[in-house]
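It should be emphasised that the depicted structure is a prediction, and the values quoted were computed from it without experimental measurement. All chains are named by letter (A, B, ...) in the order of the sequence lines, taking the proteins before the strands, and each is independently numbered beginning at 1.
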Amino acid sequence: MNNELYIYNSFTREREKFEPLHEGHIGLYVCGPTVYSDVHLGNCRTFVSFDIVYRYLTYLGYKVRYVRNITDVGHLEGDIDSDAEDKISKKARLEQLEPMEIVHKYTLGFRDIMHLLNALPPNIEPTATGHIIEQIEMVSKILENGFGYIKNGSVYFDTPKFVKEYGVYGKLSGKQIEELFTETREALKKQDEKNHPSDFAIWIKADERHLMRWPSPWSVGFPGWHLECSAMSTKYLGAQFDIHGGGMDLQFPHHENEIAQNYGACGSMPVRYWMHGNMLLLNGRKMSKTPDPITGKSNSILPLELFTGQNEIFSKAYSPMTMRFFMLQCHYRSTLDLTDAALLAAEKGYRRLMDAYKALQQLQAPANAEAAQLDQEINGLIDQAFEDMNDDFNTPKALSRLFELVATINGIKDGHLPADRVSAATLQRLKEVFQHFIFDIFGLLDEHDGGQDGQTVDGLMQLIINIRKEARERKDWGTSDQIRDALKDLEIQLKDSKEGTSWAKGS
RNA sequence: GGUCGGGUGGCCGAGUGGCUAGGCAGAGGUCUGCAAAACCUCGUACGGCGGUUCGAAUCCGCUCCCGACCUCCA
């Protein structure tokens with residue numbers, strides 16, 4: 001079995017063998033949300049994708065420092081020189097709230113959603129406003145190194161200078177430098193403070209209208225959007241670290257500018273492996289908060305709208321774990337289209353996987369069990385599932401192996417497959433691997449597990465099942481079916497098999 | 001317009017020169033008091049037109065369609 005991990009590096013556009021900078025340790029930085037409104041499901045997809053990356057790296061035994069920022073300032077709306085305004089402070093004025101109130105509200109909301117989706121919290125969740133000093137220091141360094149210039153209290157990054165010195169601007173997003181520079185010439189008129197249209201602000205002077213501003217050597221103002229990630233990744237992971245993740249839509253300009261800033265301040269490429277998750281689509285189009293200019297509606301759905309069913313898009317409510325399973329069925333670098341039929345399929349598939357997991361835990365190897373062909377098949381599928389994960393975190397492929405194993409598990413359970421052809425060791429391995437994949441790596445939860453109340457419910461259900469069993473033994477089909485139908489109305493399904501009756505939540 | 005990525009069976013989605021994932025839905029069967037669940041069997045799909053090759057969904061060319069990015073975006 002090949003244990004080497006390969007990661008598709010967006011910077012080189014190649015699948016590369018992963019080797020950490022420091023053996024056994026990994027620095028992982030993921031661009032987090034801007035907390036000026038509720039996160040939508042598209043945002044969530046990226047964070048779930050990287051949650052699985054984090055979980056798998058941890059599973060492989062690496063000590064991972066996972067940093068995911070909260071952007072609570074500096075995210076501009078529109079052009080700086082037109083009517084630019086910070087997203088946070090704009091929302092604060094609209095809602096008559098303090099900027100920190102907005103930030104706090106949506107940060108808490110974001111964490112709640114991540115918790116519902118069972119995404120592990122990062123090790124560090126730094127905020128931009130908490131790192132103003134670090135950002136000012138970085139601007140100073142960039143100026144010292146000659147990669148920035150001051151105009152009317154604002155500081156801009158000098159991209160032509162950067163291209164001349166390092167020549168990597170545009171490489172990440174695959175843009176030709178010449179085209180990049182000529183493309184936006186039309187916009188030059190609106191941005192007369194910049195020496196060059198591709199230059200970008202790293203410090204922005206603010207007038208009294210702005211609610212969020214800080215003193216700096218250049219003006220009372222606020223940092224540019226791209227700066228926080230450079231400053232905070234450098235602070236917590238070092239000038240160079242292993243993996244930087246984010247949504248594909250951040251590749252340009254955000255990550256391109258991040259690279260420029262790090263070169264400008266530290267003189268080196270900050271990241272060894274760039275990873276970009278693809279977009280979640282709704283009705284075949286990118287999910288986005290930005291309203292459509294024609295219809296005025298935004299093409300997005302909030303997680304809670306999906307989980308509660310309170311939306312006009314889908315036929316019913318879909319649980320967080322259904323959503324998570326749905327995401328697992330698609331590779332993180334492919335677009336994923338959210339549709340009702342697809343979610344319905346995911347819901348059923350998720351239940352089937354969890355039911356098989358429970359059935360597996362009940363299986364016992366017979367005393368005379370010996371390894372045979374079936375044994376090899378099981379071990380082969382397990383090995384392949386790990387190889388799939390090692391191949392750029394191919395969750396859909398790994399999941400397909402698990403489903404092949406589900407058929408094997410059910411076959412043994414129902415006596416269609418010879419249980420004595422699976423050795424005790426392989427059965428034990430299968431149990432452990434299922435546990436690790438489903439809960440530790442894929443991060444799924446058993447939503448039908450009642451938690452604290454679970455034991456009570458299990459006890460009650462066993463009582464009901466026993467009463468029905470006695471009725472069936474008397475051939476009292478009326479009572480038997482009454483119980484079954486009444487439970488069905490409560491969305492509890494009884495499953496009769498040779499070994500007896502089990503139950504599961506869900507109609 | 002420029003750049004990049006796609007078009008896979010009824011739906012969602014892997015794969016990427018020969019061994020043709022998986023989930024859901026559908027058909028038939030086994031089991032069952034009847035069902036459900038589970039299991040077994042079944043569908044030979046890769047936008048179109050050419051080309052390379054013994055062989056292409058997979059490589060090349062052309063073409064049609066879709067999406068993303070091009071300084072708001074996860």
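Across the protein-nucleic acid pair, A:Trp503 atom CH2 and B:rA35 atom C1' stand 20 Å apart, rounded to whole Å. Protein atom CD of A:Gln384 is 15 Å distant from nucleotide atom P of B:rG15, rounded to whole Å. If you take CG of A:Asn410 and P of B:rC39, they are 4 Å apart, rounded to a whole angstrom. Atom CZ in A:Arg45 sits about 14 Å away from atom P in B:rA68, given to the nearest Å. In this structure, A:Asp249 places its CG atom 6 Å from P of B:rC69, rounding to the nearest Å. Rounded to whole Å, the distance from CD on A:Glu347 to C1' on B:rC12 is 15 Å. Straight-line distance from the CZ atom of A:Arg13 to the P atom of B:rC4: 8 Å, rounded to whole Å. Rounded to whole angstrom, the span from the CE atom of A:Met248 across to the C1' atom of B:rC69 amounts to 10 Å.
Base engagement by A:Ser288 is indicated by at least one non-hydrogen atom pair under 4.0 Å involving a base atom. As judged by a 4.0 angstrom heavy-atom cut-off over every strand, A:Leu343 is placed among residues making no nucleic acid contact.
Contact check, A:Lys495 against B:rA35: no side-chain N or O comes under 4.0 Å of OP1 or OP2. At the phosphate of B:rA25, OP1 or OP2 sits under 4.0 Å from a side-chain N or O atom of A:Lys348. OP1 and OP2 of B:rA21 both lie 4.0 Å or more from every side-chain N or O belonging to A:Asn394. Within the structure, every side-chain polar atom (N or O) of A:Arg352 is placed at least 4.0 Å from both OP1 and OP2 of B:rA37. Contact between the side-chain N/O atoms of A:Ser497 and the OP1/OP2 oxygens of B:rU32 is not found at any separation under 4.0 Å.
Residue side chain A:Arg285 does not reach the base of B:rC66 through any donor-acceptor N/O pair under 3.5 Å, judged by distance alone. Taking only distance into account, the side chain of A:Arg401 never meets the base of B:rA21 through a donor-acceptor pair shorter than 3.5 Å. Residue A:Asp496 places a side-chain atom within donor-acceptor reach of the base of B:rA35, judged by atom type and a 3.5 Å distance cut-off alone. With hydrogens and angles ignored, a donor-acceptor pair closer than 3.5 Å exists between the side chain of A:Asp481 and the base of B:rG33.
A stacking contact between A:Phe47 and B:rA74 is absent: the pair does not combine a ring-centre distance of less than 5.5 Å to the base's six-membered ring with planes differing by less than 30°.
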Let's test your reading of the pairing rules: Watson-Crick or G-U wobble, both distances under 3.5 Å, then write RNA chain B as a dot-bracket string with ( ), [ ], | and dots. (((((((..(((.....[...))).(((((.......)))))....(((((..]....))))))))))))....
